[in-house]
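Notes for the one structure printed next.
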Amino acid sequence: MSEEKKSLNFIEQIIEEDLANGLPKEKLRFRFPPEPNGYLHIGHAASICLNFGLGLTYNAPVNLRFDDTNPAKEEQEYVDAIKHDIQWLGFKWDKELYSSDYFQQLFDWAIEFIKEGKAYVDNQSSEEMAKQKGTPTEHGTDSPNRNRSIEENLDLFMKMKSGEFNEGSHVLRAKIDMKHVNMHMRDPIMYRILKKHHHRTGDDWCIYPMYDWTHGESDYIEQISHSICTLEFKSHRDLYDWYVDQVYDTNLLRPKQREFARRNLSYTVMSKRKLLQLVEEKIVTGWDDPRMPTISGLRRRGYTANSIRTFSETAGISKRDNVTDVALLEHCIKDDLNKTAPRVMAVLDPVKVIITNYPEDKEEILTAENNQEDENAGFREVPFSKEIYIEKEDFREEANKKFFRLKLGKEVRLKNAYIIKAESCIKDENGEVTEIHCTYDEDSLSGSGSEASKRRVKGTLHWVSIKHARKAEVRVYDRLFTHEAPDSQKDKDFKEFINPDSLNVIEAFVEPSLKTAKNLDRFQFQRLGYFCVDKDTTANKLVFNRTVPLRDSWAKMGQ
RNA sequence: UGACCUAUGGUGUAAUGGUAGCACUCCGGUUUUUGGUAUCGUCAGUCAAGGUUCGAGUCCUUGUAGGUCAACCA
C-alpha cells in the first residue's frame, strides 16, 4: 500500500478549512447546474468530475439541477442529452432538480422584497436602464422609478405576473446601490416578462427570474454547502451573497460560491455558442460529430468514460487561464485502450501480395492473441490464404537499412502468420506497385515452436486475407482546427482556422472477426491506432471512427 | 484609465516560510512477432525590481503581462 499523500486542490482546501472550522461533514452537499441549452463538453466534464468527485470523496450528495430560467433557449432534448452524458461518465446524482421547481418560492420571496422596500418595478427601456447603469469606472444613477410606493410596486408586479404587460415593458429590480463599484450590484434585474412556453412549467408563468436571483436561492433551498462555478462568475459573488443574505435563516446552512478556471483544450473551441454555430452551419454533422469536444462527440469518437475522468483528474483545477494540450487527452485514451481494446488487423491503404509458393486453394485458420496486455483477453481465429493485402507504405522496392518493412529480396514477419520474402513486383503505367510477389517460409508459422518460427526478422506487418476480408468504411479524423487556440485571435474569426482535412473517409479491408462488431465497440487496428464502431454501421456496412492513431516513431523520423 | 482575479519548464499542475516535485510533450538508450506497449534516461521552470526573514515560489511594496466585469443570457 502506498501511502503517498495526494495534494489537495484549492477547492478541497477550502472544504477542509470549513470542516476544521466546525462545518459538520454531513452538511456537505454539492450540485452540478447545467443550463439545458446545449450539449455538455469536455470543459463541463471538469466541473462534473470536480463536483461528483467531491461527493465521492466526502460521501456527500450531489444534486443535478437544471438551470432552466430562460425558456427562450432551453429544450427538453438538451435535458435528456445532459442526463445521459453524466450517467455515461459514471456519476450518480442524488436528486434531479430544476430551478423552475422554485419559481413559486422565488416569487413569494420577491413579494417580500417589495414589501420590505428591497425591490421595485421599472418600466424604462433597456437602453435607458443601461445608460443609468454607468460603466466600471463611473457611478450609475438612480432610476426615476426607484422610489415608487410599495403599493404601486406590488400592483405593477402582480400585473406583470398576470400577463397584462408586454415583453420588455417592465422588470422587477433589486434595490441595492447604483453607485456600487461592482456593476452587478447596481439594481440588478430580478424578473423579466417572457411570454414563452417553458419545457416544464408550460404557460404557468410569463415572468421568469434571472440567473443571479435564482442561483443562490436555489443553492440555499437545496442547502448546497459549496457552490462551485467558473471564474467569470467571480464578480457575481457579491450579488449571490446579497440575495442569499436577504432570506437567510441562521439555523440553516448558508451556501458559499467559489470559482475555478474553466478547462480549455488546444485545437478546439469550448464555448457553447461557438459549438452551436459549428452545428447550425453544418461545419460538423451534429453535436455528436466525432470531431466535437462534446461528451457525445468524444464518446462517438471512441473515448471511454474512464479516459475522460482520468484526463480531468490529471489536468487538475486551478484559478489560472489555461490551454491544456490535447496530447494529454489523447494520452489518457491511448493508455486506457492499450489495456482494454482487442487487437485486430485492418488494412487502410491496400496493395495485393501473392504468395507464389502457397498452394492455390489452401486456407488456414490461424490463432491470434487478442491483447497481450490482458491475459484474460483470449484468442481468435484469423484466416490466411495465398492472396493478402498489406499497407502500400509497408513495401518499397528498395530502401535503406532503417526501413524494417518489406523490400525486394528481404524478409518480414506477417503478424500471427508466416515469414515472407519479396521476390518481385508488378507496376502499372504510372509506376505504382499493384502486386507484390512473395515466397513464404512454410516452417515459420507464428507460435508453431519450430526453429524457423523463432527466427528473428526485424519487421512485422499486419495483413488481411483478400478472400476473407470485409470491406469497411473508416473515418479518419484529425483536429478540427489548425490553430492551437482558434478563438484567441482578436482580429480573426475562429472559423478561419477550421482544418479542411479534419475528416478523411477511406474504404478499408478488415479481418472477418469484425463482422459482429457493434456500435461503440473499440479495437486496436494493429500498428495503426484505436478505432471505434460508429452508429452509422448497418448489417451490410461496417463503419469505424479512428479514435486516435498509435504513436508512430517511424513517421517521426521523417519518413 | 476603476474594481477584482491570475502569473512555477513547451503544456497542465504540486510544493500551505525550510531540498522546486509530478504528468504530458520533445529528444535519446534498452526490451519487443505492433517502429505500439513497457522500461531507463536527457533537456527544461518560480514574470521583474525592491523589502521582511537565519531562510521567500510562498509574506509585503511597486511595476509588468494576461484575464474578468457595463445582456430583460447563464
Side-chain angles (χ1 to χ4, degrees), chain A residues 6-10 13 33-35 37 67-70 72-74 99 122 125-126 129-131 133-138 140 167-173 180-184 186 189-194 207-208 210-212 214-215 229 231-238 259 261 263 266 272-273 314-332 334-335 338-339 343 345 369 372-373 402-405 412-417 419 446-447 453-462 484 524-529 549-557 559:
Chain A
K6 198 186 145 286
S7 60
L8 302 177
N9 64 47
F10 81 97
Q13 286 171 22
E35 184 191 10
N37 69 340
D67 222 331
D68 57 349
T69 57
N70 186 355
K73 289 193 195 169
E74 295 151 5
S99 295
D122 203 342
S125 70
S126 58
M129 286 193 281
K131 213 181 294 170
K133 197 135 195 173
T135 72
T137 54
E138 297 165 66
E167 275 190 22
S169 65
H170 294 69
V171 292
L172 183 72
R173 290 229 254 173
H180 201 108
V181 288
N182 185 339
M183 304 251 339
H184 296 287
R186 321 239 262 229
I189 293 173
M190 295 172 71
Y191 278 95
R192 77 286 213 190
I193 298 168
L194 245 31
I207 54 171
Y208 290 92
M210 299 289 287
Y211 166 84
D212 288 300
T214 309
H215 205 90
C229 60
L231 241 32
E232 68 269 27
F233 290 101
K234 176 69 209 301
S235 60
H236 293 241
R237 193 152 106 194
D238 287 343
E259 311 83 11
R263 172 94 16 223
S266 62
K272 272 200 228 176
R273 207 197 89 243
T314 309
I317 65 155
S318 68
K319 293 173 80 163
R320 36 179 149 151
D321 294 331
N322 59 80
V323 182
T324 302
D325 194 339
V326 69
L328 181 61
L329 213 213
E330 294 180 341
H331 168 261
C332 291
K334 283 190 275 195
D335 192 47
N338 176 50
K339 297 180 189 115
R343 315 279 122 137
M345 291 193 286
E369 194 174 18
Q372 70 251 67
E373 306 292 325
K402 285 188 175 170
F403 186 79
F404 305 157
R405 287 112 105 132
V412 288
R413 158 74 60 187
L414 291 177
K415 182 78 186 168
N416 306 312
I419 293 171
S446 290
S453 74
K454 291 175 187 160
R455 276 168 51 209
R456 293 190 46 145
V457 214
K458 191 68 178 167
T460 301
L461 306 187
H462 61 276
E484 184 179 79
Q524 184 196 98
F525 288 1
Q526 276 188 312
R527 301 211 301 137
L528 297 174
L550 251 28
R551 195 153 83 108
D552 188 349
S553 35
W554 170 242
K556 273 184 182 163
M557 286 164 68
Q559 297 300 320

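Below, chains carry the letters A, B, ... as their sequence lines are ordered, and counting in each starts from 1. Computed from a predicted structure; not experimentally measured.
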| request: For nucleotides C73(B) and A65(B), find the distance between their C1' atoms and express it as a whole number of Å. | output: 31 Å
| With respect to the side chain of Thr314(A), which nucleotide from U34(B), A23(B), G2(B) is positioned closest? | A23(B)
| message | Can you tell me whether the side chain of Gln524(A) and the base of U34(B) have a donor-acceptor pair closer than 3.5 Å? | response | yes
| remark: Here the gap from Lys234(A) atom NZ to Lys319(A) atom NZ, rounded to the nearest 0.5 Å, amounts to 6.0 Å
| task | Could you pull out the closest heavy-atom pair between Ser446(A) and Leu414(A), with the gap in Å? | result | OG-O, 4.3 Å
| remark: Taken in chain and number order and not counting sequence neighbours, the residues that satisfy side chain to side chain donor-acceptor pair (under 3.5 Å) with Asp335(A) are Lys339(A)
| field | Side-chain donor/acceptor of Arg343(A) to base of U34(B), under 3.5 Å | value | yes
| task | Would you please name every residue forming a salt bridge (charged side-chain N to carboxylate O under 4.0 Å, His left out) with Glu259(A), sequence neighbours left out? | result | Arg237(A)
| task | Would you kindly give the CD-to-P distance between Glu330(A) and G12(B), to the nearest whole Å? | result | 16 Å
| message | Heavy atoms only, 4.0 Å cut-off, all strands: where does Gly529(A) land among base, sugar-phosphate and nothing? | response | nothing
| note | When rounded to whole Å, the CZ to P distance for the pair Arg527(A) and U37(B) reads 14 Å
| remark: With sequence neighbours left out, the residues meeting side-chain contact (heavy atoms from CB on, under 4.5 Å) with Val171(A) are Asp122(A), Met129(A), Arg173(A), Ile189(A), Arg192(A)
| message | If I pick the P atom on A49(B) and the same atom on A56(B), what distance separates them, to the nearest angstrom? | response | 14 Å
| Under 4.0 Å between a side-chain N/O of Arg456(A) and OP1 or OP2 of U32(B), yes or no? | yes
| task | Could you grab the distance from atom CG of Asn37(A) to atom CG of Asn70(A), nearest 0.5 Å is fine? | result | 8.0 Å
| request: Name the nucleic acid region contacted by Leu528(A), choosing base, sugar-phosphate or nothing; use a 4.0 angstrom heavy-atom cut-off, strictly under. | output: nothing
| query | When all nucleic acid strands are considered with a 4.0 Å heavy-atom cut-off, which category describes Glu259(A): base, sugar-phosphate, or nothing? | reply | nothing
| field | With sequence neighbours excluded, residues passing side-chain contact (heavy atoms from CB on, under 4.5 Å) with Lys402(A) | value | Asn400(A), Trp554(A), Met557(A)
| field | Value rounded to 0.5 Å, distance of OG1 in Thr324(A) from CG in Leu329(A) | value | 9.0 Å
| Euclidean distance for P, A20(B) against U52(B) (whole angstrom) | 23 Å
| task | Apply salt bridge (charged side-chain N to carboxylate O under 4.0 Å, His left out) to Glu167(A) and list each qualifying residue two or more places apart in sequence or on a separate chain. | result | Lys196(A)
| task | May I ask you to say what Ser446(A) touches in the nucleic acid, namely base, sugar-phosphate or nothing, with a heavy-atom cut-off under 4.0 Å? | result | base
Could you list, one pair per line, each protein nitrogen or oxygen that sits under 3.5 Å from a nitrogen or oxygen of nucleotides 71-74 of chain B, together with the distance?
{"residue": "C72(B)", "atom": "N3", "partner": "Gly168(A)", "partner atom": "O", "Å": "3.2"}
{"residue": "C72(B)", "atom": "N4", "partner": "Gln124(A)", "partner atom": "O", "Å": "3.4"}
{"residue": "C72(B)", "atom": "N4", "partner": "Gly168(A)", "partner atom": "O", "Å": "2.5"}
{"residue": "C73(B)", "atom": "OP2", "partner": "Arg192(A)", "partner atom": "NE", "Å": "3.0"}
{"residue": "C73(B)", "atom": "OP2", "partner": "Arg192(A)", "partner atom": "NH2", "Å": "2.8"}
{"residue": "C73(B)", "atom": "O3'", "partner": "Arg192(A)", "partner atom": "NH2", "Å": "3.2"}
{"residue": "C73(B)", "atom": "O2'", "partner": "Asn70(A)", "partner atom": "ND2", "Å": "3.1"}
{"residue": "C73(B)", "atom": "O2'", "partner": "Lys73(A)", "partner atom": "NZ", "Å": "3.2"}
{"residue": "A74(B)", "atom": "OP1", "partner": "Thr69(A)", "partner atom": "OG1", "Å": "2.6"}
{"residue": "A74(B)", "atom": "OP1", "partner": "Arg192(A)", "partner atom": "NH1", "Å": "3.4"}
{"residue": "A74(B)", "atom": "OP1", "partner": "Arg192(A)", "partner atom": "NH2", "Å": "2.9"}
{"residue": "A74(B)", "atom": "OP2", "partner": "Tyr211(A)", "partner atom": "N", "Å": "3.0"}
{"residue": "A74(B)", "atom": "O4'", "partner": "Glu35(A)", "partner atom": "OE1", "Å": "3.4"}
{"residue": "A74(B)", "atom": "O3'", "partner": "Asp67(A)", "partner atom": "OD2", "Å": "3.3"}
{"residue": "A74(B)", "atom": "N6", "partner": "His236(A)", "partner atom": "NE2", "Å": "3.2"}

| note | Among G35(B), C5(B), A70(B), the one nearest any side-chain atom of Asp552(A) is G35(B)
| message | Please convert RNA chain B into dot-bracket. A pair counts if it is Watson-Crick or G-U wobble with both distances under 3.5 Å; crossing pairs go in [ ] and bases paired with another strand get |. | response | .((((((..((((....[..))))..((((.......)))).....(((((..]....))))))))))).....
| Of all the choices, U6(B), U32(B), C24(B), which nucleotide is nearest to the side chain of Lys319(A) once you look at every atom? | U6(B)
Extract from the structure each pairing of a protein N or O with an N or O of nucleotides 9-11 of chain B at less than 3.5 Å, listing the distance.
{"residue": "U11(B)", "atom": "O3'", "partner": "Val323(A)", "partner atom": "O", "Å": "3.2"}
{"residue": "U11(B)", "atom": "O2'", "partner": "Val323(A)", "partner atom": "O", "Å": "3.2"}
{"residue": "U11(B)", "atom": "O2'", "partner": "Asp325(A)", "partner atom": "N", "Å": "3.3"}

| message | Which residues pass the side-chain contact (heavy atoms from CB on, under 4.5 Å) test with Ser126(A), not counting sequence neighbours? | response | none
| message | Whether the Ser235(A) and Asn182(A) side chains hold a donor-acceptor pair (N or O, under 3.5 Å, no angle test) is what I'd like checked. | response | no
Output a table of nitrogen or oxygen pairs between the protein and nucleotides 38-42 of chain B separated by less than 3.5 Å.
none

| Arg413(A) (side chain) and U33(B) (base): donor-acceptor pair under 3.5 Å | yes
| said: Check this for me: does the side-chain of Ser318(A) come within 3.5 Å of the base of U13(B) through a donor and an acceptor? | reply: no
| query | Asn416(A) versus Met345(A): any side-chain heavy-atom pair under 4.5 Å? | reply | yes
| field | P gap between C24(B) and G18(B), integer Å | value | 28 Å
| Pro33(A) to His215(A) - nearest heavy-atom pair and separation | CB-CE1, 3.6 Å
| note | Against the side chain of Ser7(A), the closest entry in A15(B), A70(B), C4(B) is A15(B)
| query | How close or far is atom P of U34(B) from atom CD1 of Ile419(A), stated in whole angstroms? | reply | 13 Å
| C1' gap between G51(B) and A44(B), integer Å | 30 Å
| task | Can you sort out the partners of His184(A) under ring pair (Phe, Tyr, Trp, His ring centres under 6.0 Å), two or more places apart, ordered by chain and number? | result | His236(A)
| Shortest non-hydrogen separation from Ser99(A) to Thr214(A) and the atoms involved | CB-CG2, 3.7 Å
| Contact class for Lys402(A) (heavy atom, under 4.0 Å): base, sugar-phosphate, or nothing? | base
| request: Remember a base hit wins even if backbone is also touched, and classify Phe525(A) as base, sugar-phosphate or nothing at under 4.0 Å, heavy atoms. | output: nothing
| task | Indicate, with a heavy-atom threshold strictly under 4.0 Å, whether Leu231(A) touches base, sugar-phosphate, or nothing. | result | nothing
| query | Looking at residues at least two apart in the chain, or sitting in another chain, which of them share a side-chain contact (heavy atoms from CB on, under 4.5 Å) with Thr135(A)? | reply | Thr137(A), Glu138(A)
| remark: By nearest-nucleotide position on RNA chain B, the 5'-leaning member of Leu550(A) and Arg263(A) is Arg263(A)
| Atom CH2 of Trp554(A) to atom C1' of G36(B): distance rounded to whole Å? | 16 Å
